[in-house]
Structure formats: C-alpha cells, structure tokens
Q: 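Structure incoming, see below.
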Amino acid sequence: MSLQARSLGLCYWRMSKKAQTAISPTRAEDYPEWYQQVIKAADLAETSPVRGCMVIKPWGYAIWENIQRELDARFKATGHKNAYFPLFIPMSFLQKEADHVEGFAKECAVVTHSRLEADADGKLQPAGPLEEPLIVRPTSETIIGELFAKWVQSYRDLPLLINQWANVVRWEMRTRLFLRTAEFLWQEGHTVHASSEEAMEETRQMLEVYADFAESHLAMPVMTGEKTEAERFPGAEATFAIEAMMQDRKALQAGTSHFLGQNFARSSEIKYLSAEGKEEYAWTTSWGVSTRLVGGLIMSHSDDDGLVLPPRIAPAHVVVIPVTPKESTRAAVLEYCQELKRELEAQVFLDGRVKVEFDDRDMRGGEKTWGWIKKGVPVRVEVGPRDMEADSVFVGRRDRAPKDKESMDRSAFISGISGLLDSIQDNLLAKAKAFRKAHTREIASEAEFVEFFTPEAGNPGEAHGGFALMGFCCDPELEDSIAKKYKVTVRCIPDSTASETVPCAFTGKPGKRVLFAKSY
RNA sequence: CGGGCCGUAGCGCAGUCUGGUAGCGCACUUCGCUGGGGGUGAAGGGGUCGCAGGUUCAAAUCCUGUCGGCCCGACCA
C-alpha cells in the first residue's frame, strides 16, 4: 500500500536513471510486496475466497508436481511405500499425546455436524451434531499411530516405512502464499522401528534426502541441524531441519525430520513381540516437506524481472518464440520452430526429455518474451526469418540479463541443450551459495550480534543481518528473551559444528555453536 | 486476537475531508499503421463504489455494524 508514496515523489527522479524492471516494486524497495508480485506475474497462485487458503494455478502446480515426482522416487529408493489415511481425525486421538495437543489444539479446524438444514427463513443451518467432533488433520501422527498399532505385532513387521501425500489444515492467523497457508499440500513420512538407533538413523537419513534434493534440484543450499527445545515438534524427542537463506537474508525452514522416541508408540500402543518373546514399545519417526518449498524456490533465485526457475524443477526448460515480422515468411518460420521443438524434445536432460513450450500465440513479440521471463523459463529461443536463413537460433538464458542474448548455430544449440541447462542449474546454486556465504558471519559478542541484526538508523527497510554463527548456552529462557527482544531465533544447531563446545556469547557458559537468524 | 492502513471495471488507482448523473492508466474487443521486441492511431465493451443497516430530497462520500486484504505484534512448515 506504500505504492502510493512510491508513485509520487520517489519515482520521479529515479525513473530516468533506474532500469525498468518487469516486477515492481523491486526486492530492494519492498521485499514482501515483490514476493507477491512475482507470484502474480508468473501466474503461480492466487488467494481464494476462503480466508487463508490459496489456489495453486497450473504453472505453480507443475512445479509442485516436479517436486513430488523427484522426492517420491527418493522415498521409494529408500524403501518407503505410499499409503493414504483419513482427512478427519477423532478429536480424542489428538488428546493422547500431551505435548502434541498443546502444540496443535489452538489451530485445528473442527467438524461438528454432518448435514445442513434450511431453517424457517430458508437459510442453511448445521444439523445432525456428531457424537464426537472430528478435527481436520493438522498432521497425522495420531491417526496413523492408531493404525500402526494394529499393523505392528512382531519384530518381523519392522521396520514399517510409510509415506503419504496429502493436504493438511492449520488454522493460521497470518498467511502468505506458499509460505504459510491454512491448508497446504505436503508429504508426511511415518516409520516404526525396533530400536532407538535405527529410528534415529532413519530420521537422519530422511533429513539428508531433503538436503540433497534441495541443493541438487531446487539449487537451494541448506544447512542441516537439530532444533532447540523451543522449536521442537510437539511430541518429538528431537527435531532436525533444513534451513535455507532467502534473498532478504531471512531463514526459511524448508523441511523437518523428527525422532519421536517412544512417545507416540506409548500413546498409540504401538508394541511388538521381540525375537526374545518380550513385548516392547516401538520407536517412531516422522518427516515432511510442503508447498512451502515453492516459496523457498521463489525467494532463492527470482530477480526484479520475475521468477527464475532451476532447470531441474522447471515445468518447461525451453520456450521457442517465433518472430514473424512478415506475412510472407510466417509459415516457414513456424515450421522451422516446430522442427526445432521436435529435435529439442528428442534430447535427454537429467532422466527425462527436454521439455519445450512453443509459443505461437498471435501477440506482440516483446510482451510474449517478457511473459516467459516472468514465468522463469530457463532458456528462451527466438527464431525469425534471418535466423532461419542462417540456420541459427537466438538464445537467452534466464540467469542472465533479459537483453543479454546470443546467436547460436542451430545444431550446436540442440546438441548442447542438456549442457546449457546443467550450466544454468549449477550457476543458480553457485549464486545462492555465494549469497549465503556473503551474509553468514561468526559472531563473538552480544554487541556484535545486535549490530549485525539492526538496520541502519532511519532505514528500517534496509536488508541487513543474515546467518549468525555463535556460541550459545541453549538456555530456553535466554533463547526466549532473545527472540522477544531482537526477533532473532536459533534456527538450528548445525550438524557441521554440533560436536564443538564453545563459550556462550551471551553468558560465557559452555555452549554449542548455533545458527541464529531472523526467520519466516 | 491487539495496533495501523486499505476494499471503486480484469489489474493498478483518483474521487471520500467539503454529499449533487462513476473517472483515469493498463488490460480487453474491432479496424488501421507498424514489425527482431512489452510500439502506435481511432472507435468500442465493461462497475448495484466489499456487504448490511442508518442519516438525508439526494450517499462511493457522513454514521453504525460486518466481511475480506496488506503491514506490524502474539503463533507457526
């Protein structure tokens, strides 16, 4: 809403110097608003008539499908099977695990009636009250636990490795497209093991799957580590997470993996008979990533001209844009483009084919090109009569400036497409890593901490801070007061430094080297 | 749920203070000129001003309520 101010005085003198950008405001001007505009310009999603819920549009959903496809393959490769459990959970189930209730009770949608009846005024009213209210799953530990208790009888049934792709509902107060919505799509893995060690191994393994996927496919570098008590999943013994840095230098928790100990096994009576004939409580884990990953993807790479997609997750790798200035050459150019599309689609990228969009819509060329830039397609190929004659193509890559385009020999372009896409993928990851590195700092004292996280005076909107690595005694009360005072939280105790003991920068007591950051 | 800002055409906004026939830009439709780039000229289409009450001869404008959005807190993947 500060658009008003911008369109008046400010822009007047900036206009002449500033390069025009497809997205307004820019990241530097207003980061949260820029984020929304990127989503709109790329046609990824929009808000819905239902408060806090989003509509994922085809281009956004295609990204989610690609995330699903790749992760699903990795889950299967590590021995997991997919299943599906009910959307509704009897309210009493939630009650079984004390911490779990506390964590989720205040954000549950509750179903209390089974039908609607018209009243005297013809208005529909809920009728047929349920004997026991149902809640819409905020997560499925309790109902899955109930079933696992039946499925697991013997040590021979273990390990039990299940995953489900589903929607869940958490009645959030403030929502943002992809990052936090009342209903979201996710995947939740639930496993049962005979020993603590094996369950912990599973927890770590799945965190590793997430971390590797984030880096290799989303080109989003992540830190892995354990959460402190304050940030732990309700009911878990230990929670691990992957944390990524967004372009405003805030941290985004992009995936979690929980070691649940025997807490849910006890509350759901998941027991098995060991080889020695003894009845034992099992050990469980759960782990998940959500459509939030799409938000992370957007904020990792996109620029002031819109979305930037890493090739490995992009719904389309190449868009072919015919340039038809003269009616006389139009048919020939279109045919040339069709053939180009066919040949590109015969090329292999990753473990599939190169995905090509051919945009022959009858509209102005510039608009069309900018449309695809805003959608983030990695490679644009513009082909006109002159290119056709020279048997060449005019190529632009999304990780470079919009006008930074070059003419390439057609066959060389086709045979090199896979390499070109790899190079864009690598470049995006390298850029993201460099950005994170540039804004990660070792912090030794509270004063330095405050300086790092405080914007320049008089410029509260300025990008500042980042990842602060520092010694911390992990006292929950101190952590809480720091969070309240500075709006900075412990994102995790990074695995890379978990074994070190260092003095706490606040108290001097022995502590761990932890990652502090502002977060989403 | 508290504090601030805001709901007027598909999108972005002016008009509200000071009540008097609903406007602008972009987008859209048709036609023309253009033609390696989001160009240009003309003519059009589209809005019960978020919703419900109230005050008034008259309400986008004033009053009350309500629903929704954004930002800042508390909460969270």
Side-chain angles (χ1 to χ4, degrees), chain A residues 1-8 20-22 24-25 30-33 35-37 40-41 43 46-53 102-107 138-139 168-188 210 227 230-231 233-234 239 241-244 251-258 286-296 305-306 321-330 333 363-374 380-388 393-394 396 402-403 405 407 460-461 480 483-484 487 489 519-520:
Chain A
M1 299 314 133
S2 55
L3 277 166
Q4 216 172 330
R6 256 196 314 281
S7 60
L8 297 173
Q20 194 190 358
T21 57
S24 169
D30 185 344
Y31 193 85
E33 181 63 20
Y35 174 75
Q36 311 238 101
Q37 293 304 326
K40 187 187 261 184
D43 210 22
E46 60 190 52
T47 53
S48 75
V50 183
R51 181 196 176 91
C53 294
E102 208 181 312
F104 288 109
K106 55 192 176 294
E107 52 185 31
T139 178
V168 288
V169 169
R170 296 181 188 174
W171 213 261
E172 300 289 350
M173 289 167 184
R174 278 180 62 196
T175 57
R176 295 187 71 188
L177 291 176
F178 290 113
L179 297 175
R180 176 169 298 106
T181 47
E183 179 192 15
F184 56 94
L185 306 183
W186 80 345
Q187 145 284 311
E188 49 182 322
Y210 290 154
K227 287 290 183 182
E231 302 267 335
F233 176 76
T239 287
I242 54 173
E243 296 280 338
L252 182 80
Q253 180 175 312
T256 50
S257 186
H258 315 291
S286 70
W287 29 273
V289 297
S290 71
T291 34
R292 175 178 254 202
L293 282 177
V294 179
D305 288 320
I321 303 169
V323 179
T324 55
K326 301 245 174 350
E327 197 53 45
S328 57
T329 52
R330 188 181 159 79
V333 169
M363 61 190 281
R364 219 152 274 292
E367 270 180 86
K368 203 189 269 188
T369 304
W370 279 102
W372 290 107
I373 290 173
K374 288 186 275 194
R380 302 182 305 280
V381 192
E382 302 168 16
V383 181
R386 292 212 298 266
D387 306 298
M388 197 173 67
V393 293
F394 206 54
K403 311 244 155 147
K405 298 182 272 197
S407 187
D480 189 52
K484 289 216 162 73
K487 298 177 187 87
T489 50
S519 73
Y520 276 93

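Naming: A, B, ... by sequence-line order, numbering from 1 per chain.
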Q: Looking at B/G2, which nucleotide sits across from it as a Watson-Crick or G-U wobble partner, both distances under 3.5 angstrom, or is there none?
A: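 Pairing partner, where one exists within any strand: B/C72.
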
Q: Checking base pairs now: Watson-Crick or wobble, both atom distances under 3.5 Å. What partners B/A77?
A: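 Partner of B/A77: none found under 3.5 Å.
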
Q: Would you indicate, yes or no, if B/G12 has its OP1 or OP2 atom less than 4.0 angstrom from a side-chain nitrogen or oxygen of A/Lys40?
A: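 Indeed, a polar side-chain atom of A/Lys40 lies that close.
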
Q: Would you say B/C72 has OP1 or OP2 under 4.0 Å from some side-chain N or O of A/Arg174?
A: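 Answer yes for this pair, as a side-chain N or O of A/Arg174 is under 4.0 Å from OP1 or OP2.
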
Q: Taking for each residue the nucleotide of RNA chain B with the nearest heavy atom, is it A/Ala230 or A/Asp305 whose nucleotide lies nearer the 5' end?
A: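 Closer to the 5' end of RNA chain B: A/Asp305.
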
Q: Taking any heavy-atom pair under 4.0 Å as a contact, classify A/Leu252: base, sugar-phosphate, or nothing.
A: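 It contacts nothing in the nucleic acid.
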
Q: Under a 3.5 Å cut-off for both contacts, is B/U64 paired Watson-Crick or G-U wobble with anything, and if yes, with which nucleotide?
A: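 Checking every strand shown, B/U64 finds its partner in B/A52, with both distances under 3.5 Å.
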
Q: Are side-chain heavy atoms of A/Gln187 and A/Trp287 found at a separation under 4.5 Å?
A: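 Side chain of A/Gln187 against side chain of A/Trp287, heavy atoms only: contact under 4.5 Å found.
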
Q: When both hydrogen-bonding distances must be under 3.5 Å and the geometry is Watson-Crick or G-U wobble, what is B/A27 paired with, if anything?
A: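 Checking every strand shown, B/A27 finds no partner, since no pair has both distances under 3.5 Å.
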
Q: Identify whether any heavy atom of A/Arg51 sits under 4.0 Å from a base atom; if not, whether one sits that close to sugar-phosphate; answer base, sugar-phosphate or nothing.
A: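 Sugar-phosphate: the residue A/Arg51, judged by heavy atoms under 4.0 Å, touches backbone atoms but no base.
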
Q: If you take all heavy atoms of A/Val50 and A/Ser48, which pair is closest and at what distance?
A: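 Residues A/Val50 and A/Ser48, closest heavy atoms: O-OG, 2.8 Å.
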
Q: Heavy atoms only, 4.0 Å cut-off, all strands: where does A/Ser407 land among base, sugar-phosphate and nothing?
A: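 Counting heavy atoms under 4.0 Å across all strands, no contact is made by A/Ser407.
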
Q: Within a radius of less than 6.0 Å around CH2 of A/Trp370, do more than 12 heavy atoms belonging to other residues, nucleotides or ligands occur?
A: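 Correct, the count exceeds 12.
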
Q: Whom does B/A14 pair with, Watson-Crick or G-U wobble, provided both distances fall under 3.5 Å?
A: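 WC or wobble partner does not exist here.
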
Q: How is A/Gly295 classified with respect to the nucleic acid when contacts are heavy atoms under 4.0 Å: base, sugar-phosphate, or nothing?
A: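 Nothing: the residue A/Gly295, judged by heavy atoms under 4.0 Å, touches no strand.
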
Q: Could you run down the sub-3.5 Å N/O contacts of the protein with nucleotides 30-37 of chain B?
A:
residue: B/G36; atom: O6; partner: A/Pro385; partner atom: N; Å: 3.4
residue: B/G36; atom: O6; partner: A/Arg386; partner atom: N; Å: 3.0
residue: B/G36; atom: O6; partner: A/Asp387; partner atom: N; Å: 3.3
residue: B/G36; atom: O6; partner: A/Asp387; partner atom: OD2; Å: 3.1
residue: B/G36; atom: N1; partner: A/Asp387; partner atom: OD2; Å: 2.3
residue: B/G36; atom: N2; partner: A/Asp387; partner atom: OD2; Å: 3.3
residue: B/G37; atom: O6; partner: A/Glu382; partner atom: OE1; Å: 2.3

Q: Under a 3.5 Å cut-off for both distances, is B/C33 Watson-Crick or wobble paired, and to whom?
A: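 Partner of B/C33: B/G39.
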
Q: Can you work out whether A/Glu172 or A/Gln36 has the more 5'-proximal nearest nucleotide on RNA chain B?
A: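 On the 5' side of the pair lies A/Gln36.
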
Q: Taking the same atom, C1', in B/A60 and in B/C33, what whole-Å distance lies between them?
A: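 To the nearest whole Å, 41 Å.
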
Q: Sequence neighbours excluded, which residues qualify as salt bridge (charged side-chain N to carboxylate O under 4.0 Å, His left out) partners of A/Glu382?
A: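 A/Lys405.
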
Q: Provide the distance between the two P atoms, one in B/G10 and one in B/U48, to the nearest whole Å.
A: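 It works out to 9 Å between them.
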
Q: Taking only the C1' atom of each, what is the distance from B/G36 to B/G47 in whole angstrom?
A: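 Looking at atom C1' only, B/G36 and B/G47 are 40 Å apart.
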
Q: Taking A/Glu231 as the fixed residue, which of A/Thr239, A/Thr256, A/Thr489 is the one that meets the side chain to side chain contact (heavy atoms under 4.5 Å, CB included) rule?
A: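 It is A/Thr489, the one option of A/Thr239, A/Thr256, A/Thr489 that forms the side chain to side chain contact (heavy atoms under 4.5 Å, CB included) with A/Glu231.
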
Q: Just so I know, are the side chains of A/Phe104 and A/Arg170 near enough to count as touching, which here means a heavy-atom distance under 4.5 Å?
A: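 Sidechains of A/Arg170 and A/Phe104: in contact.
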
